[in-house]
Number of protein chains: 2
Amino acid sequence: MNVQLFRYSRHMSSTRTAPSRTRWLSTDEQATWRSFLAMQKRIRETLERQLQQDAGMPMTYYVILAMLSEAPERTMRMTELAAIAGTSQSQLSHAATRLEDAGWIERRRCLDDKRGYLAVLTDAGFEVLSKAAPSHVETVRSVLFDALDPDQVAQLKDIADAVTSHAATG
Amino acid sequence: MNVQLFRYSRHMSSTRTAPSRTRWLSTDEQATWRSFLAMQKRIRETLERQLQQDAGMPMTYYVILAMLSEAPERTMRMTELAAIAGTSQSQLSHAATRLEDAGWIERRRCLDDKRGYLAVLTDAGFEVLSKAAPSHVETVRSVLFDALDPDQVAQLKDIADAVTSHAATG
DNA sequence: GCGGAATAGTTGAACATTCATTTAAGTTAG
DNA sequence: CTAACTTAAATGAATGTTCAACTATTCCGC
């Protein structure tokens, strides 16, 4: 991979006539960025494919079911579920339609608040989840943790937390 | 985020009657995994949204154009382009249709090999790319590098390379 | 040079995701 | 009480991605 992503590099940034204000990436940053993209792609694709094979669903849906499975009564308000699973309401609504078609969840009206709905994980849903979990976790391990030593695991956590909290702040 | 992703945790894994062979994640690993997912999501969504706004295309397409822009004559064989941009041939083909509709690339028959096509970046395509690059790079910087110190940038590269080469190996 | 395998690329169906819009129900100021 | 606003969720259109055919050409062995 000696390819330069367009203008990630400095070499195109400063013409004598029109100096740019863009903070282009340094050589090290470019290298990190490309490596990061490769890792990211690798991990996402691996997990996505594995879940599609073993559970017949994308990771988003898996997380939705997983979150539901740990809620009291395996039941949650749609909005709360969206928040905890990190999806938009719209996405959850579409997903819920699929998941309901598959028989993995049910939707019930919320009695307190008639605008709302409750999503409930069915036994079938719990089954699917239980069967998918081991190979999912095994895949996570093999694609990520098996490649890292314990220091790196700690470093990665710090890095990820820094990025996420920086996002929240700035 | 004190939520446990289903069976990422050990607490459900070992029943007395049916000990599992799954290598469940340790507490540290779980924490790292959740942080990683959050970071990953944050970065991807931020970039995707920014590019959609500023360039009217997803990141996949941006990378395709970027790779083309650095090829001799801004021209590349479809298969080679797919490889270098990290897409499947099918995805590239669909993308090329869109990009051609937008007037950002052209497809020409390949004379040496009549099975093949050459993708050529148009001036309009180069324009779009040139305009999108600064804000794209700025977004990369603000969402990732601004959150990290130089040690972490180096650590992240090592981690990403370890994951990617581990993938290639094992 | 011919027949079968491999390669380049396209296509369409199925599905996921986003965005903007819509419907319904709750909330609140006056 | 009622009009205006907000929140919960669904919906539909537009777009992107994957997978499995499918077509056209080239390669390869005999």
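Every value quoted in this text rests on a predicted model; they were computed, and no experiment measured them. In what follows, chains are A, B, ... by sequence order, proteins preceding strands, each numbered from 1.
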- prompt: Quick one: B:Tyr117 OH to C:dT10 P, roughly how many Å, whole number?
  reply: 7 Å
- request: State which residues pass side chain to side chain donor-acceptor pair (under 3.5 Å) with A:Arg49; sequence neighbours excluded, sorted by chain then number.
  value: none
message: Rounded to whole Å, how long is the line connecting atom CD of A:Glu80 with atom C1' of D:dA8?
response: 13 Å
message: So, using salt bridge (Lys or Arg N to Asp or Glu O under 4.0 Å) as the criterion, who are the partners of B:Glu127 when residues are at least two apart?
response: B:Lys131
For residues 98-107 of chain A, please give each side-chain donor-acceptor pair under 3.5 Å, one per line with the distance, not counting sequence neighbours.
residue, atom, partner, partner atom, Å
A:Glu100, OE1, A:Arg107, NE, 3.2
A:Glu100, OE1, A:Arg107, NH2, 3.1
A:Glu100, OE2, A:Arg107, N, 3.1
A:Glu106, OE1, A:Arg108, NH2, 3.4
A:Arg107, NH2, A:Thr97, OG1, 3.3

field: side-chain contact (heavy atoms from CB on, under 4.5 Å) against B:Asp158, all qualifying residues, sequence neighbours excluded
entry: A:Gln152
field: Atom pair CG/CG of A:Leu156 and B:Leu156 - distance to nearest 0.5 Å
entry: 7.5 Å
message: Please enumerate all residues that pass ring pair (Phe, Tyr, Trp, His ring centres under 6.0 Å) together with B:Phe36, with sequence neighbours excluded.
response: B:Trp33
- prompt: With A:Glu48, which residues qualify under salt bridge (Lys or Arg N to Asp or Glu O under 4.0 Å), at least two apart?
  reply: none
Using a cutoff of under 3.5 Å, can you pull out all pairs of nitrogen or oxygen atoms linking the protein to nucleotides 17-20 of chain D, with atom names and distances?
residue, atom, partner, partner atom, Å
D:dT17, OP1, B:Thr60, OG1, 2.9
D:dT17, OP2, B:Gln91, OE1, 3.2
D:dT18, OP2, B:Gln91, NE2, 3.1
D:dT18, O4, B:His94, NE2, 3.3
D:dC19, N4, B:Ser90, OG, 2.6

field: Rounded interatomic separation in angstrom, taking CG from A:Leu99 and P from C:dT17
entry: 11 Å
query: Sequence neighbours excluded, which residues qualify as side chain to side chain donor-acceptor pair (under 3.5 Å) partners of A:Lys114?
result: none
- prompt: Would you say the base of D:dA9 and the side-chain of A:Gln89 have a donor-acceptor pair closer than 3.5 Å?
  reply: yes
- line: Rounded to whole Å, CG of B:Asp101 lies from P of D:dT15 at a distance of 10 Å
query: How long is the line joining CD of B:Glu100 and P of C:dT10, in whole Å?
result: 9 Å
- prompt: By a strict heavy-atom criterion of less than 4.0 Å, which residues belonging to residues 71-79 of chain A are in contact with DNA chain D?
  reply: A:Arg77, A:Met78, A:Thr79
- prompt: Separation of B:Lys41 atom NZ from C:dT17 atom C1', in whole Å?
  reply: 12 Å
statement: The residue, A:Arg98 or B:Gly116, whose nearest nucleotide of DNA chain C is more 5′ is B:Gly116
query: With B:Arg115, which residues qualify under side chain to side chain donor-acceptor pair (under 3.5 Å), at least two apart?
result: B:Asp113
task: Identify the heavy atoms of A:Gln50 and A:His136 that sit nearest to each other, and give their distance.
output: OE1-CA, 3.3 Å
message: Tell me the interatomic distance from B:Glu48, atom CD, to C:dA16, atom C1', rounded to whole angstroms.
response: 13 Å
Please list each protein N or O that sits under 3.5 Å from an N or O in nucleotides 23-26 of chain C, with the distance.
residue, atom, partner, partner atom, Å
C:dG26, OP1, A:Lys114, N, 3.0

message: Applying side chain to side chain donor-acceptor pair (under 3.5 Å), can you list everything that pairs with B:Gln89, at least two apart in sequence or on another chain?
response: B:Thr79
